[in-house]
Amino acid sequence: MNSRLILLLALLPAIASAQAPAPPAATPAAPPPVLPQPATIRVALMTSEGPIVIAVETERAPITAANFLRYVDGKRLDNTEFYRTSKVAPNFGFIQGGLRNDPKKLLPPIAHEPTTKSGLTHADGTISMARNAPGSATMDFFITLGAIPSMDADPKLPGDNQGFAAFGRVVEGMETVRRILDAQTSPTEGEGVMRGQMLAAPVKILTARRAPPTPAAAIPPQPAPAPPARP
């Protein structure tokens, strides 16, 4: 066979491979959409045990957030106290503070904003309104340590099933909250379920002021649920 023909036949696979179109490049996966964060306003509570900074949920809990900010902007929380601690287990429970029904500083009660409406939950570090009946809250509030889902509204339950009005959470200063939870209580002060939960030496809230915003990435995710408790 002609030697040039033999060489051509040998080269045909390489020529065909060189002429074949290259496979299309893989399309990179689109990044997940960046969802806008609900609007919040930061408030710094300067206490005698250290600072606590709260992101107040002005978009998801507008009624309760606006009420809290009225007290802050009017300096009505200055020189008030954290006066109650309910420690269910180590690092689990809640602390309570506010005006203790001081008539000189109280504003009218606000409409109740249940968690079924706001979409918030009582996760670790949640700030929420203390109340008696729904619609009776003024300014006393509590901060949770650990997730306490029994404080959320639950329409399946009988009776008062509206839970408590969560309106933000701690973004800085949970170590201060833990110190208050662990503070000594009086064995005799308090009535009903609050007996034995009143702080022997209440922790002063020296000032409450709006603070610069926190970047969204710095706000921690809500943790998994923990055993329930109820104030």
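With Val72 as reference, Leu77 is the one residue of Val56, Leu45, Asp78, Leu77 to meet the side chain to side chain contact (heavy atoms under 4.5 Å, CB included) rule. For the pairing with Phe141, the ring-ring contact (aromatic ring centres under 6.0 Å, His included) check across Phe167, Phe82, Tyr83, Phe94 returns one residue only, Phe82.
Taking all atoms of both residues into account, the shortest heavy-atom contact from Ala130 to Ala137 is O-CB, 3.5 Å. Between Val171 and Ala55, the closest heavy-atom pair is CG1-CB, 3.8 Å. Minimum heavy-atom separation, Gln197 to Ser86: NE2-OG, 3.5 Å. Of all the heavy atoms in Pro109 and Gly135, the pair that sits closest is CB-O, 3.4 Å. Looking at every heavy atom in both residues, Leu120 comes nearest to Gly168 through CD1-N, 4.4 Å.
The distance between the ring centers of Phe164 and Phe142 falls below 6.0 angstrom.
In terms of the side chain to side chain contact (heavy atoms under 4.5 Å, CB included) criterion, residue partners of Pro134 (sequence neighbours excluded) are, by chain and number, His112, Arg131, Asp160, Gln162. Considering only residues two or more places apart in sequence or on other chains, Ala183 meets the side chain to side chain contact (heavy atoms under 4.5 Å, CB included) condition with Leu199. Scored by the side-chain hydrogen bond (donor to acceptor under 3.5 Å, both in side chains) test, Thr115 finds no partners at all (sequence neighbours excluded). Remark: Arg70 pairs with no residue by the salt bridge (Lys or Arg N to Asp or Glu O under 4.0 Å) rule, at least two apart or across chains. In this structure, the side-chain hydrogen bond (donor to acceptor under 3.5 Å, both in side chains) partners of Thr64, at least two apart in sequence or on a different chain, are Glu113. Partners of Thr176 according to the side-chain hydrogen bond (donor to acceptor under 3.5 Å, both in side chains) rule, which considers only residues two or more places apart in sequence or in another chain, are Arg179. Partners of Ile41 according to the side chain to side chain contact (heavy atoms under 4.5 Å, CB included) rule, which considers only residues two or more places apart in sequence or in another chain, are Thr58, Leu69, Arg210. For the side-chain hydrogen bond (donor to acceptor under 3.5 Å, both in side chains) test, no residue two or more places apart in sequence or in another chain qualifies with Lys105. With sequence neighbours excluded, the residues forming a side chain to side chain contact (heavy atoms under 4.5 Å, CB included) with Asp154 are Lys156, Leu157, listed by chain and number.
Hydrophobic cluster membership differs between Tyr71 and Ile110, with clusters built from Ile, Leu, Val, Met, Phe, Trp and Tyr side chains linked at under 4.5 angstrom. No continuous path of ILVMFWY side-chain contacts below 4.5 Å connects Ile63 to Leu107, so the two sit in separate hydrophobic clusters. Each of Met46 and Ile127 belongs to its own hydrophobic cluster when Ile, Leu, Val, Met, Phe, Trp and Tyr are linked at side-chain heavy-atom distances under 4.5 angstrom.
Expressed to the nearest 0.5 Å, how far OG1 of Thr85 lies from CD1 of Ile95 amounts to 7.0 Å. Taking CZ of Arg169 as the reference point, atom CD1 of Ile143 lies at 13.0 Å (rounded to 0.5 Å). We find the CG-CD distance between Asp140 and Gln96 to be 6.0 Å, quoted to the nearest 0.5 Å.
In this structure a side-chain-to-backbone donor-acceptor pair under 3.5 Å is present from Ser128 to Ala165. The backbone N or O of Gly196 sits less than 3.5 Å from a side-chain atom of Thr185, completing a donor-acceptor pair. A donor-acceptor contact shorter than 3.5 Å links the side chain of Thr126 to the backbone of Thr121. Listed for the Asn67 side chain is a donor-acceptor partner under 3.5 Å among the backbone atoms of Thr138. In terms of modelled atom types and a separation under 3.5 Å, the side chain of Arg42 and the main chain of Pro212 share a donor-acceptor contact.
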(request) Tell me, with the steps shown, if Arg209 and Lys75 meet side-chain contact (heavy atoms from CB on, under 4.5 Å). (result) CA-CA 8 Å; Arg209 299 286 185 273; Lys75 300 183 180 180; 3.6 Å; yes
(message) Walk me through whether Leu145 and Met174 qualify under side-chain contact (heavy atoms from CB on, under 4.5 Å).
(response) CA-CA 8 Å; Leu145 289 96; Met174 281 300 288; 4.2 Å; yes
(message) I'd like to know whether Arg178 forms a side-chain contact (heavy atoms from CB on, under 4.5 Å) with Asn91, so could you lay out the CA-CA distance, the side-chain angles of the two residues, the decisive distance to 0.1 Å, and finally the verdict.
(response) CA-CA 7 Å; Arg178 292 187 190 96; Asn91 293 320; 3.4 Å; yes
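Residue pairs meeting the salt bridge (Lys or Arg N to Asp or Glu O under 4.0 Å) criterion with at least one member in residues 87-96, sequence neighbours excluded: Lys87-Asp182. Sorted by first and then second residue, the salt bridge (Lys or Arg N to Asp or Glu O under 4.0 Å) pairs with a member in residues 195-204 read Glu81-Lys204; sequence neighbours excluded.
Taking 4.5 Å as the limit, some side-chain heavy atom of Pro38 sits within range of a side-chain heavy atom of Glu57. Counting only heavy atoms from C-beta outward, the side chains of Arg84 and Met194 approach each other to under 4.5 Å.
Annotation for Leu206: hydrophobic cluster partners, listed by chain and number, are none (ILVMFWY side-chain heavy atoms under 4.5 Å, direct or chained).
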